[in-house]
Amino acid sequence: MTPWLVHRKVASPNWDERTLPITMAVLHYTGMKTGQEALERLCDPEAKVSAHYLIDTDGTVTALVPEEKRAWHAGKSYWRGEADVNSASVGIELVNPGHEWGYEPFSDDQMVALMPLLADVIERHDIPRANVVGHSDIAPARKQDPGELFDWERLAQLNLAMATPSARIALLYDNPGAFYLAMERYGYDISDGRAAVAAFQRRWRPNRIDGEIDGQIGGILFELLLERDTGHAR
Ligand SMILES: [Zn+2]
C-alpha cells in the first residue's frame with residue numbers, strides 16, 4: 001500500500017493467508033444502497049466478505065485488508081486456470097448500488113481515485129494488463145459487476161487494462177465449441193457457455209449483451225488473443 005493514495009484505514013477481520021503470489025486485480029461494485037452499508041458489510045465477521053480497497057462515490061479510498069493478506073472478494077471464481085482468485089489478486093470495490101438497487105454511472109471522483117491506486121498496485125506487483133478483470137469476468141454465472149457502465153476504456157488509455165479491440169474484422173468461428181475454447185484460452189470459465197458469452201460482452205461490447213455468439217465478439221476475442229499472445233500486451 002502506498003500511503004498517499006489511501007485516505008483512511010478501517011481494518012476488516014475478513015482475510016486469511018495467501019497461497020499464491022499476486023498476479024491479478026479484480027474490480028467490483030458494492031451492490032448495496034449506500035457506501036456506509038457496504039463498508040459495514042465488508043467489515044462484518046458474519047458476512048465473511050472483504051476487499052483490499054473500497055472507493056466511495058466522492059473518491060474516498062479506504063484500505064480494509066493489507067495487500068499481503070488474502071481478502072475475500074472473488075468467491076467461487078476462475079481465471080486462466082486459477083480457481084483461487086482471492087489468493088492471486090488484489091480486490092477493489094467501487095461504491096455503486098448495482099443492478100439490484102439502481103445501477104448508476106461511476107462518478108468521475110471515483111475513477112480519478114481508482115486510476116492512481118490501480119496503477120500503483122499493477123506496478124508494484126507487475127500485474128499483466130490481461131489480468132485486470134471485473135468480477136463478472138471471473139464468475140460469469142454469478143456476477144455482473146462492475147458492469148456495462150464501467151469505463152474500461154479510460155483505464156486502457158492509461159495502460160491499466162487491455163484496450164477493447166476495434167473489431168474491424170468480424171469473425172465467425174467454425175462452431176460454438178471453437179469460440180468457447182478461444183474464450184477459455186483468454187481466461188474465462190466456460191462451464192456455463194451463455195453466461196460466459198454474456199460476461200464477455202458486458203466487458204468488451206457492452207451495447208449488446210445477449211449471450212449469443214456473433215461475428216463482432218468473435219473478432220474482438222481473436223484480436224485480444226493476438227494482442228496478448230504475440231506479446232504486444234500481457
Ligand atoms: Zn464483486
Side-chain angles (χ1 to χ4, degrees), residues 10 12-16 18 22-57 60-65 67 69-80 82-107 110-111 113-115 117-118 121-122 127 130-152 155 160-161 187-189 191-192 195-196 198-204 206 209:
V10 178
S12 169
N14 298 333
W15 55 267
D16 52 14
R18 290 186 185 275
I22 295 168
T23 53
M24 297 177 63
V26 182
L27 304 184
H28 302 260
Y29 66 48
T30 51
M32 304 199 71
K33 286 177 189 156
T34 66
Q36 185 55 34
E37 215 179 313
L39 178 65
E40 283 166 20
R41 185 171 152 80
L42 291 165
C43 293
D44 177 2
E46 300 280 303
K48 293 189 163 52
V49 293
S50 63
H52 295 94
Y53 300 102
L54 172 70
I55 306 180
D56 214 323
T57 49
T60 303
V61 178
T62 306
L64 301 167
V65 173
E67 279 177 29
K69 302 299 184 188
R70 179 178 179 271
W72 301 340
H73 55 95
K76 185 175 161 32
S77 49
Y78 173 95
W79 187 250
R80 293 176 82 172
E82 183 51 62
D84 184 3
V85 172
N86 280 336
S87 268
S89 65
V90 170
I92 301 175
E93 290 274 0
L94 301 162
V95 170
N96 190 306
H99 292 85
E100 194 176 351
W101 302 106
Y103 188 39
E104 53 192 37
F106 296 88
S107 74
Q110 223 169 6
M111 294 302 287
L114 169 64
M115 290 184 288
L117 178 72
L118 181 61
V121 167
I122 288 172
I127 295 172
N131 284 359
V132 178
V133 296
H135 201 183
S136 57
D137 293 314
I138 60 168
R142 299 190 301 116
K143 294 292 175 180
Q144 299 188 314
D145 62 308
E148 60 280 4
L149 296 179
F150 184 75
D151 192 354
W152 288 103
L155 298 189
L160 302 177
Y188 287 85
D189 171 9
S191 53
D192 179 338
F200 186 87
Q201 292 169 331
R202 200 178 294 287
R203 168 75 185 266
W204 303 106
I209 304 167

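Not measured: the values here are computed from a predicted model. Whatever order the structure lists them in is the order used to number ligands and atoms, beginning at 1. Every heavy atom of this structure was used, including side-chain atoms; hydrogens, water molecules and symmetry mates were not.
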- Message: the Zn ion (ligand 1) and H73: any N/O/S contact shorter than 2.8 Å?
- Response: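 For H73, the answer is no, given that no N, O or S atom comes within less than 2.8 Å of the Zn ion (ligand 1).
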With the Zn ion (ligand 1) as the point of reference, which N/O/S atom of [X] is the closest?
| X | result |
| --- | --- |
| H135 | ND1 |
| H28 | ND1 |
| D145 | OD2 |

- Query: Given side chains that start at C-beta, do those of R142 and H135 come closer than 4.5 Å, heavy atoms only?
  - Reply: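 The answer is yes, as the side chains (C-beta and beyond) meet within the 4.5 Å cut-off.
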- side-chain contact (heavy atoms from CB on, under 4.5 Å) assessment of T23 paired with R80: CA-CA 11 Å; T23 53; R80 293 176 82 172; over 6 Å; no
Please output the side-chain donor-acceptor pairs of residues 40-48 that fall under 3.5 Å, not counting sequence neighbours, one pair per line with the distance.
| residue | atom | partner | partner atom | Å |
| --- | --- | --- | --- | --- |
| E40 | OE2 | Q36 | NE2 | 3.0 |
| D44 | OD1 | E46 | N | 2.8 |

- Item | Interatomic distance, T30 atom OG1 to L54 atom CG [nearest 0.5 angstrom] |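 Here the rounded value is 7.0 Å.
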